[in-house]
Structure formats: structure tokens, C-alpha cells
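In this chain, residues are counted from 1 in sequence order. In each ligand, atom 1 is the first atom listed, and ligand 1 is the first ligand listed.
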Amino acid sequence: MIVLAVNAGSSSVKLQVIDTAEDRLIGKVMVECRGITHDEAIARGLDELNSPAIQGVGHRVVHGGDRFSGSVLITGEVIRAVEDLCYLAPLHNPVNLAGIRACLHLLPDVPQVAVFDTAFHATVPPAAYTYALPRDIAAKWKIRRYGFHGTSHRYLTERFAALQGRPPSDFNLITIHLGNGCSACAVEKGHAVDSTMGMTPLEGLVMGTRPGDLDPAIVYRLLEWERLDIAALDHLLNHKSGLLGLSGLSNDMRELLRLESEGSEPARLAIDVFCHRIRRYIGAFYAILNGADAIVISGGIGENQAAIRSRVCRDLQALGISLDESANAQCRGREADLSAPAARTRVWVIPTNEELLIARDTAALIASRNGHLDGQAV
Ligand code: ADP
């Protein structure tokens with residue numbers, strides 16, 4: 001099936017056309033949305049792609065709340081449910097909806113599917129997803145940990161197992177996605193059991209411009225001390241913190257490593273804090289899983305930065321982790337086992353491919369719907 005995978009963000013729309021019969025990428029394009037609507041951006045992207053007839057559209061949707069534990073065909077009811085979840089993901093769900101509406105308008109006869117960043121985390125148990133807050137307030141606002149980057153963590157889980165020629169249920173994994181957003185996931189026998197991200201994608205690891213874990217008192221004290229309003233605080237935590245805020249220099253890991261090598265102290269501290277946080281969660285998830293078969297690293301930083309992988313995995317022999325430094329140094333943007341031969345816990349790099357999973361889910365749901373309709377017709 002020829003599927004269009006849509007990742008609609010606030011500043012750009014990324015489109016890929018994938019032939020799911022052979023997992024083949026036919027074309028991809030990114031269109032900036034500054035000054036134009038999502039309708040216009042997607043129309044322009046489709047024009048540029050000049051692809052064969054599209055038979056299904058799959059949309060990345062960031063927040064599925066506790067409503068969606070898997071991908072679904074988009075109906076009016078699904079759209080209303082995603083709208084209802086906008087209060088939990090005000091930066092993401094509204095633009096994802098704009099992408100859905102644009103495609104319903106541009107490709108009205110093509111079935112569409114929503115693939116949620118939260119869905120893979122639906123198996124996380126209450127002990128891991130519940131915040132220790134008063135239960136009536138938590139229930140009223142559905143305050144809990146949801147986890148994000150689920151499509152990436154699911155891809156890494158399925159791909160790791162496929163590379164071993166065994167089912168995902170054979171492995172306990174710690175999957176680590178290090179891009180602009182960063183998260184780690186504890187995966188027990190193929191199912192997520194804990195994640196570093198919380199009610200929103202702010203919690204957990206240090207990211208390009210987000211701080212990850214913070215003492216919550218810092219947040220309300222800042223309102224008072226800096227006389228910030230909520231919008232300014234939101235901006236500070238989503239766009240001014242993380243590697244960028246820590247270093248005062250850049251949110252780009254390539255740039256920070258370069259500056260560190262020239263002696264920049266703020267760059268060194270930013271990278272140290274980044275790596276320390278990842279190591280803390282490797283230890284935490286190792287305990288939650290009672291041991292892991294492998295750590296699977298991905299995302300722009302994880303796939304390309306041997307120096308970061310080396311710093312993260314240093315001195316973890318107690319957890320059975322030991323890198324083959326020359327395999328690590330040679331690995332850039334490709335699948336590889338980086339572990340020393342005797343290491344009990346393997347360390348792999350697997351480039352993520354969220355669009356491929358979006359396309360596969362889309363094709364599978366449409367095929368089963370068509371089968372169902374055919375069945376009714378007979
Ligand atoms: P996103 O999360 O937006 O998809 P990426 O996964 O591309 O972003 O991650 C962005 C980060 O990855 C940046 O810090 C950047 O320095 C790093 N990165 C991306 N590509 C490369 C590369 N080819 N070599 C080194 N670092 C890279």
C-alpha cells in the first residue's frame with residue numbers, strides 16, 4: 001500500500017511516502033509553515049513529492065491520553081477525542097489536528113489513521129505512571145505519566161528483536177532516544193513498563209531546550225522571583241532550557257562537542273549533565289527490569305555521536321555493560337552492536353524510523369477495515 005506519513009509540527013510539516021509492500025521510501029519532504037497554513041504546506045509538499053496515488057494517510061499524534069492504546073482509523077469521534085486532549089499537549093495536539101484536517105480536505109477519499117506517541121506506553125503499570133499527588137486532583141485533570149516517543153521506542157524494540165531473529169517477548173531492553181527531544185523507556189518482554197517522560201514531554205532526560213527532571217518548587221519559585229507569567233515560564237522550560245540554557249551557547253550537540261574540545265567550560269558542563277542524567281536512568285531501569293539484555297540507542301545524537309555513547313556507557317561494568325570502543329568510534333548512522341565480546345548487557349545503535357511504523361500501522365488498519373467491509377459485502 002502507498003502510504004503518506006504526516007508529522008505536523010508548529011513550524012514545519014514532514015511528509016514521507018512509503019510503499020509498505022516492500023518497506024520502501026518513495027519520497028520525503030519537509031515544508032516550513034511560517035506564514036502559510038498547514039493546508040498550504042501539505043498541498044505544497046504533495047506537489048513536490050509527485051508520488052503515485054496515495055492509498056492511506058498516517059498521522060503522528062503526540063498525546064493520546066488514556067484514551068488510545070494503539071493506532072486507530074480517524075473518525076469524527078477520534079478527532080473530538082484528540083481535541084479534548086489538547087489541554088494536556090497544547091504545543092502539539094492542535095498542530096497535529098491541523099495536519100489531519102488539511103489531509104481530510106486535500107485527500108477526502110483516502111482513509112486516515114492516527115498513530116499516538118503515547119500508545120506504546122499504555123502497558124506501563126500504575127506504580128510507574130502515578131504521581132504522588134492528592135488523588136482527587138490527579139483524577140480531575142488526568143494527571144499521570146503518559147510517556148512519549150512511543151513510536152520510536154516500539155520501532156527500536158521490534159527492530160532489535162528482528163535483528164536477533166527472535167520475538168520481542170524474548171528481551172528486556174532499555175531503549176534510549178536522543179534527538180532534540182530525549183527519552184528512555186524500560187521494555188519488559190516487548191512491553192513498555194516505565195518511561196522517563198511524564199504527563200508532558202518535559203520530564204526526564206536533559207533535551208535540546210528542555211530541562212527534564214526538576215524540583216517542582218523551582219517552577220513556582222521562579223514565578224515569584226523572576227515575576228514570570230505562565231506563558232513566559234512555559235517558554236523558559238520548553239525553549240530556553242536543556243543543553244541550550246545550560247551552555248548558554250547552543251542546543252546542537254555537534255556544536256557543543258566542538259566548543260568543549262576548544263576548552264569551553266559551559267559546553268563541558270552541559271554535556272556532563274546530559275550524560276549523567278542518561279546514566280542515572282540506565283541504572284533506574286536496570287533495577288525496574290531486574291536486568292536488561294540490551295541498551296538500544298537512537299535519535300540524531302545517539303545514532304551519530306560516538307563520544308556521547310562512550311561517556312554514557314563508561315564505568316557501567318557492574319551492569320554488565322562494556323563498549324568495544326573501536327566499534328563505537330566507527331558507528332555512525334547505522335545499525336551496529338557496540339559491545340565488547342564478553343559484555344552481558346549488549347549496547348546497540350539502531351537508527352529509528354517512526355515513519356515506517358506509522359505507514360505499517362496505517363496499511364494494516366486500512367487492510368483490516370477493507371477485509372471487514374468485503375466480509376460484510378459477501
Ligand atoms: P529531532 O528530535 O528533532 O528529530 P534529531 O534526531 O535530528 O532531532 O536530533 C538532533 C540532535 O542530533 C542535535 O543535537 C544534533 O547535533 C544531533 N545530530 C543530528 N544529526 C547529526 C549528525 N549527522 N552528526 C552528529 N550529530 C547529529
Checking a contact table here: which protein heavy atom is nearest [atom], and how many Å away?
atom                    : value
atom 21 (C) of ligand 1 : Asn304 ND2, 3.3 Å
atom 14 (O) of ligand 1 : Met253 N, 3.0 Å
atom 24 (N) of ligand 1 : Arg332 NH2, 3.0 Å
atom 6 (O) of ligand 1  : Gly300 N, 2.8 Å

For a 4.5 angstrom cut-off between non-hydrogen side-chain atoms, does Trp348 reach Leu163?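 Yes - at least one pair of side-chain heavy atoms lies under 4.5 Å apart.
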
(Q) Within the 4.5 Å heavy-atom criterion, are Lys142 and Asp66 side-chain neighbours or not? (A)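 Side chain of Lys142 against side chain of Asp66, heavy atoms only: contact under 4.5 Å found.
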
Is the closest protein non-hydrogen atom to atom 4 (O) of ligand 1 under 4.0 Å?
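No.
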
message: With heavy-atom distances below 4.0 Å as the criterion, list the atoms of ligand 1 near Gln305.
response: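 What qualifies from ligand 1 is 25 (C), 26 (N).
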
- Task: Would you check if there is a donor-acceptor pair between the side chains of Glu303 and Ser298 at a distance under 3.5 Å?
- Result: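 Ser298 vs Glu303: donor-acceptor pair found between side chains.
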
Can [Y] be reached from [X] by stepping across I, L, V, M, F, W or Y side chains whose heavy atoms are under 4.5 Å apart?
X      : Y      : value
Ile282 : Val206 : yes
Val312 : Val296 : no
Ile301 : Leu246 : yes

Is Glu303 close enough to touch ligand 1? Criterion: a residue heavy atom under 4.0 Å from a ligand atom.
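Checking ligand 1 against Glu303, which is what was asked, there is no heavy-atom contact under 4.0 Å.
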
Asn251 near ligand 1, heavy-atom distance under 4.0 Å?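 Checking ligand 1 against Asn251, which is what was asked, there is a heavy-atom contact under 4.0 Å.
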
Applying side chain to side chain contact (heavy atoms under 4.5 Å, CB included) to Leu85 and Val61, what does each step give before you reach the verdict?
CA-CA 11 Å; Leu85 291 163; Val61 179; over 6 Å; no

Checking contacts here: is it the side chain or the backbone of Glu255 that comes within 4.0 Å of ligand 1, counting heavy atoms only? Could be both or neither.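 No part of Glu255 is near ligand 1 at this cut-off.
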
Self-check item: Heteroatom proximity flag, Gly179 to ligand 1, N/O under 3.5 Å
Solution: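 Such a contact does not occur with ligand 1.
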
Any N or O on Asp252 sitting closer than 3.5 Å to an N or O of ligand 1?
->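 Yes - when backbone and side-chain N and O of Asp252 are compared with those of ligand 1, one distance drops under 3.5 Å.
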
message: Can you check which of Ile308, Ile301, Asn180, Leu256 brings a heavy atom nearest to atom 8 (O) of ligand 1?
response: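 Of the listed residues, Asn180 has the closest heavy atom.
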
- Item | Passing option when His63 is tested against Phe116, Tyr87, Phe148 for ring pair (Phe, Tyr, Trp, His ring centres under 6.0 Å) |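 When ring pair (Phe, Tyr, Trp, His ring centres under 6.0 Å) is applied between His63 and each of Phe116, Tyr87, Phe148, only Phe148 qualifies.
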
